[in-house]
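Whatever order the structure lists them in is the order used to number ligands and atoms, beginning at 1. Numbers here are sequence positions counted from 1.
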Amino acid sequence: MLSEFWHPVCFSSDVAGPKPFPATLLDEELVLYRSGGRVVAAKDICIHRGVPLTFGWIDGDEVVCAYHGFRYGADGRCTRIPAQPGAVIPRKLCLHTVLAEEKYGVIWICLAQTPRQDLPDWPELDDKGLKRMKMPAGIWKCSAARHVENFNDLAHLSWVHAGTFGNRDLPEVRNYDVEVSPTGMHFEADYDRYSIEDFGRKGALEQIRYTYDVTFPFYTRLRLLFPDGRNFVAYNLPSPRSARETNVLFLLTRDFDLDESDESTIALQTRVLSEDKPFVEAQKPEELPLDLSEEFHIRADRFSTCYRKALVGLGLGGEIVA
Ligand code: FES
Ligand SMILES: [Fe+2]
């Protein structure tokens, strides 16, 4: 069922240079390269003798297999068989390609022939007037759905993030509503947190409006609206490599400090994510339990209970396993 959705697998900038790019999505090993101005994504298997194309290299608009030198270009079509240079190459000599789209500086893949819904609608990511940053990708030993729930969990902020912005003196989560649509979810809540300058100390508190927009199955835009009207937005893209391994891609934008470097923001954000990681990787069971009777839920978990029901509604009965 998950294969029917678009999933991000890497940043656009990853598919460049002399080597084809390897990616894993839902246990499928893929090769990515550029040809004819488009990204080609295919199963990482040369159709001649089954060697991974990621052993090979890029030559212009083509990927070259390292075993016998077959070359593949636009749409995954074989363009040359060096051991038989005059041969006519039939059209069906083609890699097993999958759908690939490049948007927001990210490469999205759908393993099914017809995607079930569109890519997330985040047009502001193309707005040149914003400062845009990308975090280094990282593999987490967790399911993507557990990662989503952690990212959208209000009650953990005061506890897990007490070493940075979290405010353990104000752990109460005020009541909030969750809207569920056929393609995603939306909710908003206020959180009194320590300002960045006071990270890890008891300093100034600021009330921040957190607005979450989830695109099914795993992708979240979180907007932080500061009291003075500034906006900081995080895009959490946990890409499911397998049932228990997730490649976390993360983008950030802000509409202030446009000329300042990315470094301090990325360092702070890295620190915040490293506070989450040991918790999410340790959760048992690793798959998100979709049967609500399996874990205990409190009022603050409204997102989580709605999310689990929504995943069941999408057809993810039982546990998320490959
Ligand atoms: S296995 Fe790739 S060219 Fe033979
Ligand atoms: Fe967190």
Side-chain angles (χ1 to χ4, degrees), residues 19-20 22 29-31 33 40 42-59 62-73 76-85 87 89-90 92-97 135 138 140 142 144-168 171 173 187 189 191-194 196 199-200 208 210-212 214 218 220-224 232-238 246 248 250 252 268-283 300-301 303-304 307:
K19 293 288 285 177
E29 284 170 7
L30 302 170
V31 59
Y33 63 96
V40 180
K43 293 189 183 179
D44 187 16
I45 296 175
C46 177
I47 52 172
H48 178 223
R49 284 295 178 269
V51 163
L53 281 161
T54 45
F55 282 17
W57 59 88
I58 300 294
D59 185 10
E62 295 174 326
V63 60
V64 182
C65 179
Y67 200 11
H68 310 98
F70 280 37
R71 301 170 78 100
Y72 300 92
R77 298 250 336 256
C78 181
T79 58
R80 186 169 160 78
I81 301 173
Q84 213 172 301
I89 300 172
K92 68 171 193 195
L93 228 60
C94 186
L95 300 176
H96 298 286
T97 54
M135 300 273 295
W140 290 37
C142 68
R146 283 279 194 199
H147 195 280
V148 174
E149 283 209 352
N150 172 70
F151 188 77
N152 291 276
D153 177 48
L154 291 161
H156 87 293
L157 299 176
S158 294
W159 300 93
V160 171
H161 299 299
T164 50
F165 64 85
N167 179 2
R168 208 168 271 182
V173 175
F187 65 103
Y191 183 65
D192 294 311
R193 54 177 251 174
Y194 292 116
I196 299 292
F199 256 27
I208 311 243
Y210 279 58
T211 302
Y212 296 84
V214 174
F218 303 133
T220 304
R221 170 176 62 190
L222 166 57
R223 182 167 76 112
L224 274 61
F232 181 88
V233 187
Y235 301 82
N236 186 43
L237 309 176
T246 298
V248 179
F250 211 86
L252 302 163
L268 286 171
Q269 206 60 41
T270 302
R271 202 169 133 197
V272 171
L273 289 179
S274 71
E275 292 174 322
D276 290 303
K277 196 174 182 194
F279 288 91
V280 181
E281 290 189 333
Q283 282 180 289
D301 297 326
F303 164 76
S304 159
Y307 181 59

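With the Fe ion (ligand 2) as vertex, His161 NE2 and His156 NE2 subtend 100°, rounded to 10°.
The local environment of OH in Tyr210 is crowded, with over 12 non-hydrogen atoms from other residues, nucleotides or ligands closer than 6.0 Å. Counted within 6.0 Å of NZ on Lys19, heavy atoms from surrounding residues, nucleotides or ligands total more than 12; the atom is thus considered enclosed. Summarising the local packing, NE2 of His68 is surrounded by more than 12 heavy atoms from other residues, nucleotides or ligands at distances under 6.0 Å.
Without hydrogens or angle criteria, Arg271 side chain to Gly163 main chain gives a donor-acceptor distance under 3.5 Å. A donor-acceptor pair under 3.5 Å is formed between the side chain of Arg168 and the backbone N or O of Trp159.
Excluding waters, the count of protein N/O/S atoms less than 2.8 Å from atom 2 (Fe) of ligand 1 comes to 2.
The shortest distance between side-chain heavy atoms of Phe303 and Val214 falls below 4.5 Å.
Between the side chains of Thr54 and Asp44, at least one donor N or O lies within less than 3.5 Å of an accepting N or O.
Note on Asp276: its N/O/S atom closest to the Fe ion (ligand 2) is OD1.
For residue Glu275, no N/O/S atom approaches the Fe ion (ligand 2) to within less than 2.8 Å.
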